[in-house]
Protein chains: 4
Amino acid sequence: MKDAMQELLITARRNQILDAAAVVFTQKGFHPTTIRDVAREAGVADGTIYNYFESKAALLMGIFERMRASAVQQAALPPSLPDQRAFLRLMIHHPLNALRDNDFALFRIVISEMMVNEELRTLYARQILAPTLAMAEEYLAQQGYGPDHSRLVVRAVSGMVLGLIVEYVAGDATLRDAWDTLPDALADLMLHGLEGLSS
Amino acid sequence: MKDAMQELLITARRNQILDAAAVVFTQKGFHPTTIRDVAREAGVADGTIYNYFESKAALLMGIFERMRASAVQQAALPPSLPDQRAFLRLMIHHPLNALRDNDFALFRIVISEMMVNEELRTLYARQILAPTLAMAEEYLAQQGYGPDHSRLVVRAVSGMVLGLIVEYVAGDATLRDAWDTLPDALADLMLHGLEGLSS
Amino acid sequence: MKDAMQELLITARRNQILDAAAVVFTQKGFHPTTIRDVAREAGVADGTIYNYFESKAALLMGIFERMRASAVQQAALPPSLPDQRAFLRLMIHHPLNALRDNDFALFRIVISEMMVNEELRTLYARQILAPTLAMAEEYLAQQGYGPDHSRLVVRAVSGMVLGLIVEYVAGDATLRDAWDTLPDALADLMLHGLEGLSS
Amino acid sequence: MKDAMQELLITARRNQILDAAAVVFTQKGFHPTTIRDVAREAGVADGTIYNYFESKAALLMGIFERMRASAVQQAALPPSLPDQRAFLRLMIHHPLNALRDNDFALFRIVISEMMVNEELRTLYARQILAPTLAMAEEYLAQQGYGPDHSRLVVRAVSGMVLGLIVEYVAGDATLRDAWDTLPDALADLMLHGLEGLSS
DNA sequence: CATGAATGAGGGTTCATTCAT
DNA sequence: GATGAATGAACCCTCATTCAT
């Protein structure tokens, strides 16, 4: 019971520090932020950070891990298989929706470092991308699509989502204005194709 | 005439430095690379770099600007309007093809910093993304699509391409294997939609 | 009686900690070793160390003190005065023999810090060097040597021993190979001089 | 010629920094001294130190190297072979004499770190100890002593000198008072042995 | 007395940038 | 314009020590 208490305290402190790191990383970016910035924001001493995290980079990993955990938690497919349109909507809507408000800026920081940080990149590829793609592929396979098509489609859709996020982050006004209607519109586009648009 | 000569020399030296920066940024990334690394690779003194560039960040801007210039140069639509499938292939094929081999790694560095660097991001949005999208929108408008649809489609396609690049960079094996056949397959997918796939 | 028990426990704990300190100091040296290293090796918490020792430096003093105590314990001259050769052998053999195996490395650490640490140095000079020299001087005086000669000889011999230890520690192969025969050979050398060697 | 100038400047600056390091190391010891201390004493910026030395430890190596160079310079044997007594006097007198005044304190620092620093120790063993011993051994061999005896004697004498220095540094009053007469007295002692003393 | 999380001063080192030559 | 030594601010991280539990 003592141990359980300890565990809770440690987790709480870790989260306290990660919360602070998320705030200051969001404000200043990863590289410009100093450990002192994080410590001040968290209300702890500099050294305390290192009682909970190996390094500054580990803070980013920790943030990423929390994102991942919460994402995975929400990502489970509904038990009854949805129709293809609902499936597409889900696949598109979910990540777009997950990144609202403050999270966007933080995601930007994480993505940026991910492009450049081998460890973070591997984590993303293995922990998020691969499982998501696998799940989606399986669904499409059950819908009767061949493996090549399945693989292609899930990558096209997930890539599209990721790219739209980047473009949004880059400041595209159209995306910002239409963000809420995107999932439906994109699901239709992916389902029926360009030809399906009432021209 | 003296001035013209001067101009040439300056441009040559700038390119020499940018070439070196591209090499070492590609090898080590932007932040881990020092000005000394660039200077050594370029075969000049550290201080010389500052005769041609304001700062280390300006090197990245310079690299980006060269990418942009070469991209724009290749991006002009053929004079005769292609059919929609050819248009899609072009829109997809071009960026995927542009980023082969070494360029990939450099692009990764640039993207990464772009996410985090306001100036670079604005430059990208204004100089590359916006013109490209505008051109594509215009084409679709001429094909009879409404402005909302046009805007949506070009963003979907360009986002897809960007996202696929990121996923490729993240190490997706499927994408690596199918990279050459992607433009055609994706063009078909975007044209006919998921329904269009022989299920 | 309670107090006696307390006393024993305290002594035991002190020794437990000093043993651990000796081990890790031997492995890593004094400065590179952290209090945490000592605590882990001793199987106690960091803070516990400070219940028994003032500071990290006090650990070294404690180790030194134990060395001193055991050295003094063994150093008592035999009740019957030995002849001069036996005396020299004793004076040489004892310290050389005392520093075998693990003790060597620890001695190195202590010597090193002693050179630099005023308190430790004073302790060594007063507690070890002076008594040893005094005892040896007294013996020589009883053998009929004058005070000047006595002082000189004991310093020459003790210095020689110390210096040989340092050279041994520095890695001299000859000393390593001849270590066991050193006391006899050196005793003869000091007794008869260079001239005494069968040339 | 430009290069020669450069070389001189570099050497001068290195010496300037080493002089400063010697001063502050002598005052405060190696570990307690900060790079900033050295830089201030040398009248340069912190970073400048690292243009000339790899690390703080390299400063000590540099000091040691200068000591070595000057020691070697003075250590050459006279062309005509001295008699054995003169030889012993030389072997004893030289190192004792080399360490006068300020040098003593610095030597203490170097010795201390040498006990603990592998690289420094190796340097000492190879660059100073081994050559000195080899030279002395050779002399004794020429005097008709066998190799075993030669090896033993040179180690005994050199060890004695080193140990006396340590004891001097430790604050022995007798040694301090008799320092100037030591070489002669010790030479006699080593030549004739304890028996040779007029008892 | 034991614990070990918290502390925070401190230090070695880096590196973008400057400027005298 | 080219050089590269000098600069010094800044930063990540360590670790001896404290103290509330």
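Letters A, B, ... are given to chains in the order of the sequence lines, protein chains preceding strands, and every chain is numbered from 1.
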*Over all heavy atoms of both residues, which pair between A/P32 and A/D37 is shortest? Give the atoms and the distance, please.*
O-OD2, 4.1 Å
*Using purine N1 to pyrimidine N3 plus N6-O4 or O6-N4 for Watson-Crick, or N1-O2 and O6-N3 for G-U wobble, each under 3.5 Å, what pairs with F/dA20?*
E/dT3
*Does a side-chain N or O from C/Y52 land closer than 4.0 Å to OP1 or OP2 of E/dA2, or not?*
yes
*Of A/D46 and B/T33, the one whose closest DNA chain E nucleotide lies more 5'*: A/D46
_Closest listed nucleotide, where the reference is the side chain of C/T34 and the choices are F/dA16, E/dA6, E/dA5_ = F/dA16
_Whole-Å gap separating P (E/dA16) and NE2 (B/H31)_ = 11 Å
_Separation of atom NZ in B/K56 from atom P in E/dT18, rounded to whole Å_ = 15 Å
_Minimum side-chain heavy-atom gap A/L106-A/M67 below 4.5 Å_ = yes
*asked:* Checking base pairs now: Watson-Crick or wobble, both atom distances under 3.5 Å. What partners F/dC11?
replied: E/dG12
*Can you check the C/I35 CD1 to E/dG4 C1' distance for me, whole Å?*
14 Å
*Counting only side-chain N and O atoms of C/N51, is one of them less than 4.0 Å from OP1 or OP2 of E/dC1?*
no
_5'-most by nearest nucleotide on DNA chain E - D/S55 or C/G47_ = C/G47
*Return the value, rounded to whole Å, for the distance between atom CG of D/L60 and atom C1' of E/dG12.*
15 Å
*Report which part of the nucleic acid C/L9 touches: base, sugar-phosphate, or nothing (heavy-atom distance under 4.0 Å, all strands).*
nothing
*Specify the separation, in whole Å, of atom CD1 of B/I49 and atom P of E/dC15.*
15 Å
*Within this structure, what is the OH-to-C1' distance between C/Y50 and F/dA20, rounded to whole angstrom?*
18 Å
*Ignoring hydrogens and angles, state whether a donor on the side chain of D/R66 or D/N15 is under 3.5 Å from an acceptor on the partner side chain.*
yes
*Please state whether the phosphate of E/dG10, meaning OP1 or OP2, lies under 4.0 angstrom from any side-chain nitrogen or oxygen of D/R36.*
no
*Which sits closer to the 5' end of DNA chain F, D/A45 or C/A57, going by the nucleotide each is nearest to?*
D/A45
_Side-chain heavy atoms of B/E113 within contact of B/F64, under 4.5 Å_ = no
*Residue D/R13, side-chain atoms from C-beta onward, closest of E/dG8, E/dT3, F/dA6*: F/dA6
*Roughly how many Å is it from CZ in A/F53 to P in F/dC12, rounded to a whole number?*
15 Å
*asked:* I want to check one thing: is the phosphate of F/dT3, taken as OP1 and OP2, less than 4.0 Å away from some side-chain N or O of B/T48?
replied: yes
_Student check: side-chain heavy atoms of C/F25 and C/I63 closer than 4.5 Å_ = yes
_Check: B/Y52 and B/L18 side chains under 4.5 Å, non-hydrogen atoms_ = no
_As a test of reading the structure: which of F/dT7, F/dC13, E/dC1 is closest to the side chain of C/I10, going by heavy atoms?_
E/dC1
*Check the distance between E/dG11's C1' and D/D37's CG and give it to me in whole angstrom.*
11 Å
